[in-house]
Every structure is written in structure tokens, then in C-alpha cells.
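Here's the structure, in C-alpha cells; my notes come after.
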Amino acid sequence: MTMRSSMRRIVSAVGAISLTVPLMVVSPASVPAATSGYVGVTFGFDSGTLRGAPYDNQGNRIYNVPMFRPTGDLTVFWDNYVEQLVTAGVDFVAVNTRGYVPGSAAPSGSGDPRILGGLVAAINRRGVAGQLKIAAFDDTPASLTDKKNQVKHHTGGYEPKFDLGDATGAGEGGYQYYWDYNLREFYRQVPDSVRFKLDGRPLVYEWSIGDFAFSNQGNGNASRLLQYVRSHAQSEFGFNPYIVVDQNWPQEDPTTVDNVDGVDNWFGVPGPGYTQNTFKNNKYGVAVPGFRFVSGSTNMVIDPRHGQTYAANLAATAGSGAKVTLIEGFTDWQENAAVMRTAEGGYDQRLTDYPNQMLNITRRYSRTPFPSTLRIEAESADSVFDTTSTNTLGTYRDGSLDVERTPDSGGGWDVGATAAGEWLEWKELPIQGTVRLRARVATPNTGATLRFLVDGRAGPTVTVPNTGNWQTYQTVDAGSFTLPTGSYHTVRVEFPNGNLNLNFWTASP
């Protein structure tokens, strides 16, 4: 990325003070243009991700440990990840549906679609139903083969294989695993208003029907399975889904080319970590930020290269005319392929240079790389200076930053127990033009102050009003800044004398 130094003017909120600030500005030639296609992410919600520990996968070292520390409260879990998905600028989240065991309590193992009402509720709580939508990523080996073996043999796993020629389930198949115990429930939980659609039709991704988990895939059997879901979606919910399948569907059953809307090529390991496949004049992209599964004799690695791999992969897909790009995977810590906010730690610990790095790269290749209103949550800071050695309020993240839940509008968390001299900082934020910074604050004290610094130079020190309570919030004006087009910045919030809570801050015209 080509950088150049520039001298710009920053104007304070009071208008009488101006500061000349040297900024690091991205060369316009290297700034990604807004993506014309759609960008989504896979999202695994297995039991380990829901409960937050232990982060272990068959002996593979886990670098991509999430910043967020779940509590087992699914409402809190979904609230956190909706905020992160919106921050990343994605159009949709493709949740990894894996079906459920009939008669069981929810969640019934990993990817149980019966709990997706919680995701819908979180989207509505945050008021982003017009911005963030939900698609299905049907993990076919898990939703068909594994669930069939749980129900029929009480074992799970991929043996015996799923017989795609057996529609009724008399043998080792059964379309009920595909529809009744999986996609039907997905559409019950996810209403039309929040379904992501291509060409006006709800999007469904289908993963592999490879020989490791399936048999009898050819002779039109895979096509008949697809036709089954189309007919039931139409009769029960009134739509014909937009189905994108993995490349091995037409390889196993050539008749599927007449029964699908798109085909993607997924990605191989080792390899660059992306593919772009053209099907019926549309391009379907798949990208991954990195990949690392090393255990025993298995050595599968795509080096993230400090975010360079991810940026290159998105440039080759979302930035190169894909109708839709699917990113693996927002929560995929198991394979160190995660996009989510990572815990504190250097690159050698996390495979990210700072916690929000992958979210920032994702947003650059979204349809809104420079949001008209950039909202930054206080608890998400990339680096902090806190005078306590631990999180004294005990929620959201490990480390020294003091974080608590807030009942403020939109919910979420705030940074509290601030002391004199403490600060929060974020890297590579997309802010351009003349913007006004506003902070959402609360304090029962008189005389508390805060100050923003952009690329090391300070705006005005702002006195925060006494709001009457630690959880009664007001929005305060914290200064106006003029910044170059297509520029990314380091922003710090300082608390000169502490004694206030910060929920979030925004940058907007």
C-alpha cells in the first residue's frame, strides 16, 4: 500500500482553533472502490463458540481467539456479533445450519437453526434490519449424514454414508434431514424481512456432497434433492430459493447445472485462499483471510501475511466483479480463519496485527468502505492504557480494560471506571472529508473531560455534562476534523481526569 505524507487542517469544535496535522494518507490508486456486488460471511455457532471455551480443535493451536468473552447468555452473544458484523460492513451473514435431532431440546448440538430467532432479535434491537440480512449455509455433511447417523444409529459422524438415492429414509438417506429438521426451521426462525436475497429470492449455499460422507449422488439424485427443497419452500413459504452449490455437486451429478442458480469453487489448502467461478454469466467468489490447521501429520496453512492475504483475496473476488462473495469465516477460530475481532496480543499470538484488523479489511471491500456515519464501540479498542491490571467490571474481554453491560439505547457494553490519564485507541479507521466526532457518555460527576486525537494530534478538550447517573447517557460534540479523501486514521480517546462512562463514538458529516 503506497503511503504519502500530507499536511491537512483540523478545525476544533469551537471554530477558533485550527491545527496543522501531518497525516499518513493512502494513495487514491490503492483505495478500494465500493464493491458493486454483495459480500457475506459464513458464521459458525457451534457449542464451543457459544460458550466461549475451551478454544481447542484436535490439538491444532488456536491463534484466532476472539476478543468477546461469552457468558452462555445467547442474547449477549448475538448482540456482540451483530455489532461486529455491522462494523465489518457485510451485506449478509450465512449461518452454518446443521439441523437438529427431532424431539431434542435446543440447541441440539452445533448449528441448530432453532436458536436463530435470537440472531433476528439482536438485529432488530440494534435497528439494522435494513442493513444486515441472513442467508443459510447448509453444511450438508453435518445436516444430512451426521444428523441421520445421530437419529438412526445414535452415533453421529460420516459412516454409514448418506444415500442420496433414498428419499424416504427407509435406508441410509431421507429428505427429512434436508428440509424438515433443517431448512424448514431456518425459514421459520428467519422471517422474510431479514432474509438475504439475490434477484429477489432468499439465498442458500450448499456445501459438499463428496464421497467422504455421501453415496449414490449421481443419476439425477442430487437434482431431486434440490427440487424437493424448492417445491417445499414454494408451497410452505411462497418462494423459490436462490441456490448456490459447491463445485462437486455438478461433478457428482451433472444434471444439477439445470437445477441451481450458482456454483462456487470454494478454496483449496494450500493455495491463495480464494476462487472466482463464472456460472451462467455471473461470478461467484469465495475468500478466506488465512487458514492454519496443524495437528499430527496434517499441515494445512494459508499464511495471512499480516492481513495482506485477505486484502488480496477480496480484491480478486469482491473487488473484481463477483455477483456475491462468501467469506470463510467470521467465527472460524477452529481453523484460524476468523474475521471477528481477536483478543489482545501480537501477531505471533493472534495472526492479526491488532484486534479489529480483519473487520477493517472486510469493510474496505464492502459496498460502504467509508460509511457516512462510522460508529465505534468503546469496548472494541485495539489498544488501551488502563490504570488497573484487570477488567474490574468483569465482562466482554480479558485484559485491563474495564467493561460492563449498558441499558443505553441499542444495548451493548460501555467502558467504565475510567481514571485520569487513561485512553482507548483504534487503528486504520476510514474517515474522510469534514466530519464531526460525537461521544455517547454518562457521569454523575461535574467537570469530567475527554479529548480525541487523530493521528497523534489533539482536538479540543470537551467537558462532559453531569448526566445524573452512570447509566444515563448523553451525546456530546467532541470536535470537527477535516481529513483527506480515501484516508485511514489512528484515533485515540483520552480521559484527562476520568470519572465518566463511554458507550460509543461516531464520526459523521
Side-chain angles (χ1 to χ4, degrees), residues 31-45 49 64 66-68 77-96 119 122-123 126-135 137 194 196 273-274 285-290 304 307 309-315 317-319 322 324-333 337-343 350-377 379-382 410 412-413 426-431 488 491 504 506-507:
V31 176
T35 300
S36 59
Y38 297 97
V39 174
V41 288
T42 66
F43 189 100
F45 53 104
T49 302
N64 289 172
M67 174 185 284
F68 173 64
F77 176 88
W78 292 122
D79 280 346
N80 165 69
Y81 279 109
V82 165
E83 181 269 312
Q84 291 197 46
L85 289 160
V86 171
T87 297
V90 298
D91 297 294
F92 67 93
V93 51
V95 290
N96 296 12
L119 171 57
I123 288 173
R126 195 165 184 85
V128 293
Q131 177 180 350
L132 177 64
K133 304 293 186 178
I134 306 172
F137 183 91
V194 290
F196 178 75
Y274 80 90
V286 174
V288 69
T309 294
Y310 192 31
N313 291 347
L314 289 178
T317 52
V324 60
T325 297
L326 183 64
I327 299 164
E328 165 71 29
F330 205 81
T331 58
D332 189 3
W333 55 266
V339 175
M340 66 197 176
R341 198 173 280 141
T342 53
R350 302 290 175 239
L351 298 181
T352 57
D353 293 317
Y354 58 91
N356 286 282
Q357 185 175 31
M358 297 306 178
L359 295 183
N360 287 346
I361 294 171
T362 308
R363 184 174 52 227
R364 289 181 193 176
Y365 291 90
S366 73
R367 294 192 299 153
T368 54
F370 285 86
S372 58
T373 296
L374 180 69
R375 171 168 163 164
I376 301 296
E377 299 293 335
E379 71 277 1
S380 73
D382 290 314
W413 293 261
W426 294 263
K427 299 181 185 299
E428 296 188 294
L429 293 181
I431 308 175
Y488 301 96
V491 178
F504 61 85
T506 61

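For clarity, every value in this text was computed on a predicted model and none was experimentally measured.
Thr342 places none of its side-chain heavy atoms less than 4.5 Å from the side chain of Tyr354. Between Phe196 and Val93, every side-chain heavy-atom pair lies at or beyond the 4.5 Å cut-off. By the 4.5 Å heavy-atom criterion applied to side chains, Thr87 and Arg363 are counted as neighbours. Contact check for Asp332 versus Thr42: no side-chain heavy atoms found under the 4.5 Å cut-off. Residues Met358 and Thr352 form a side-chain contact, since some pair of their non-hydrogen atoms from C-beta on lies under 4.5 Å apart. Considering only heavy atoms from C-beta on, Asn360 stays 4.5 Å or farther from Gln357 through its side chain. In this structure, the side chains of Pro355 and Ser380 stay at 4.5 Å or more apart for every pair of heavy atoms.
The environment of Phe45 atom CZ is dense: over 12 non-hydrogen atoms of other residues, nucleotides or ligands sit within 6.0 angstrom. Heavy atoms of other residues, nucleotides or ligands lying less than 6.0 angstrom from OH of Tyr38 number 12 at most.
Side-chain atoms of Thr506 and Thr373 include no donor-acceptor pair closer than 3.5 Å. Looking only at atom types and distance, the side chain of Thr362 has a donor-acceptor partner in the side chain of Tyr310 under 3.5 Å away.
Here Phe137 and Phe43 keep their ring centres 6.0 angstrom or further from each other.
To the nearest 0.5 Å, atoms CG (Asn313) and OG1 (Thr309) are separated by 6.5 Å. One finds the CD atom of Glu328 at 7.0 Å from the CG atom of Asn96 (value rounded to the nearest 0.5 Å). To the nearest 0.5 Å, atoms CG (Leu374) and CZ (Phe504) are separated by 12.0 Å. Note that the CG atom of Leu359 and the CD atom of Glu83 stand 8.0 Å from one another [nearest 0.5 Å]. The CG atom of Leu326 lies 5.5 Å from the CZ atom of Phe92; values are rounded to the nearest 0.5 Å.
Although no hydrogens or angles enter the test, the distance criterion places no donor-acceptor pair under 3.5 Å between the side chain of Arg341 and the main chain of Gln84. A donor-acceptor pair is defined here as one N or O able to donate and one able to accept, closer than 3.5 Å; no such pair exists between the side chain of Thr368 and the backbone of Phe370. Asn64 places a side-chain N or O within donor-acceptor distance of the main-chain N or O of Ala338, the cut-off being under 3.5 Å. With hydrogens and angles ignored, the 3.5 Å screen pairs no side-chain donor or acceptor of Asp79 with any backbone N or O of Gly412. Counting only distance, with no hydrogens or angles, the side chain of Asn356 and the backbone of Lys427 share no donor-acceptor pair below 3.5 Å. In terms of modelled atom types and a separation under 3.5 Å, the side chain of Thr325 and the main chain of Ala318 share a donor-acceptor contact.
For the side-chain contact (heavy atoms from CB on, under 4.5 Å) test, residues two or more places apart in sequence or in another chain that qualify with Pro66 are Tyr55, Tyr81, Met340.
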Worksheet item: For Asp91 and Arg367, what are the C-alpha separation, side-chain angles and deciding distance, and is it a side-chain contact (heavy atoms from CB on, under 4.5 Å)?
Response: CA-CA 8 Å; Asp91 297 294; Arg367 294 192 299 153; 3.0 Å; yes
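Within the cation-pi definition used here (under 6.0 Å to the ring centroid, within 45° of the axis), Arg364 qualifies as a partner of Tyr488.
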